[in-house]
Amino acid sequence: MSNNLRPETMERIATPELAEKFIAEQIAAVRQQVGDKKVLLALSGGVDSSVVAALLIKAIGKQLVCVHVNHGLMRKGESEQVIEVFGKQLDANLIYVDATDRFLGLLEGVSEPEKKRKIIGNEFIRVFDEESAKLEGISFLAQGTIYPDILESDGVKAHHNVGGLPEDIDFQLVEPVRLLYKDEVRVVGEALGLPHGMVYRQPFPGPGLGVRCLGAITRDRLHALREADAILREEFDKSGLAEKVWQYFIAVPDMKSVGVKDGKRYEGWPAIIRAVNTKDAMTATIEEIPYPLLHHITDRITSEVPGINRVLLDLTPKPIGTIEWE
Ligand code: XMP
């Protein structure tokens, strides 16, 4: 991590013009820093690493090697979007690792939240290490460090993001957005031509759906969670709520209740809707979702998602409830 502090004179990047200027400066700086050497980047699909990837592709093309590790806990379609945007559209040097079986195998039977997080974080580092060991001639490691990561000296990013990388790796760092705030990273991302949905992606915990599939993760319940979550996102997109609500998702607890379907007993899990607004995630309020939309979402989830027999709405602000249901 760089010790550089943001100069007081540095203008807030709020317009496409300022973004273009920043991009041009960073392209020159990165080229100067890395020369003809190769750079490795862990590409999670989150805003910061995606913007760094797009910037570096512009600066050094195939000298950048992106590794996307799918831990099997991504939201529906997210790994596919990484492959589509970076692998196909931007023609990046992209290594895609589907490590779903490894992660889910290790998580089997583990219900304690902190243990789950640790397993996911450690395994992520192991997979990334294995992939980087296969590559030759890498001299630099790129990271999507942003300014708040540097300011928060407790290393929030390190514990928050699964992408906390091995400390013993002997690479020099390339951190082109380290002086930017999140809103600036987004403006730069749009100027780089990344899809709007990627640039304005909701915050997503590094351990992904692992923190929303409560208790010990099973494949069938994880599948139900991912499908129900996809329906919620689709309906929020269609109704315009997606633009208004800061974060929304489904959590599925490890409990079943009895229901009835086609005249037969039907045991299933509840899908819990959480939709919150906040400025800084320290406190949060509840978004009011129109009842007709809630009925529609409930109908879709209960009829389309195997294993879900109830839909609940979480009305709890933060405090007292945290945003996640971990
Ligand atoms: P809580 O649940 O503590 O969450 O109210 C506050 C915000 O942090 C997000 N969150 C994470 N973000 N890596 C992240 O990048 C993580 O491991 C992580 N865990 C929670 C959460 O989604 C909410 O926006």
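Here the structure is a predicted model, which means the values were calculated and not measured. Whatever order the structure lists them in is the order used to number ligands and atoms, beginning at 1.
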## Note on the structure
Near Phe204 (heavy-atom distance under 4.0 Å), the atoms of ligand 1 are 14 (C), 15 (O)
### Message
Within the 4.0 Å heavy-atom shell around Trp246, which atoms of ligand 1 are there?
### Response
24 (O)
### Message
For atom 6 (C) of ligand 1, tell me which residue out of Ala281, Pro319, Gly321 has the closest non-hydrogen atom.
### Response
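Going through Ala281, Pro319, Gly321 one by one, Ala281 has the nearest heavy atom to atom 6 (C) of ligand 1.
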### Task
Tell me which one of Arg117, Gln247, Gln202 gets a heavy atom nearest to atom 23 (C) of ligand 1.
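Minimum heavy-atom distance to atom 23 (C) of ligand 1 goes to Gln247.
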#### Entry: Minimum-distance pair of heavy atoms, taken over all atoms of Val276 and Val245
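Of all heavy-atom pairs spanning Val276 and Val245, the closest is O-CG1, 3.5 Å.
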#### Entry: Beyond-backbone contact of Glu227 with Ile231, side-chain heavy atoms, under 4.5 angstrom
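Of all side-chain heavy-atom pairs linking Ile231 with Glu227, none is under 4.5 Å.
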### Query
Are side-chain heavy atoms of Leu55 and Val30 found at a separation under 4.5 Å?
no
Flag [X] as yes when one of its N or O atoms lies below 3.5 Å from any N or O atom of ligand 1, and as no otherwise.
X: Pro207; answer: no
X: Arg212; answer: no
X: Gly206; answer: yes

### Query
ring-ring contact (aromatic ring centres under 6.0 Å, His included): which pairs involve residues 7-58, sequence neighbours left out?
none
### Message
I'd like to know if the side chain of Glu287 and the backbone of Trp246 have a donor-acceptor N/O pair within less than 3.5 Å.
### Response
no
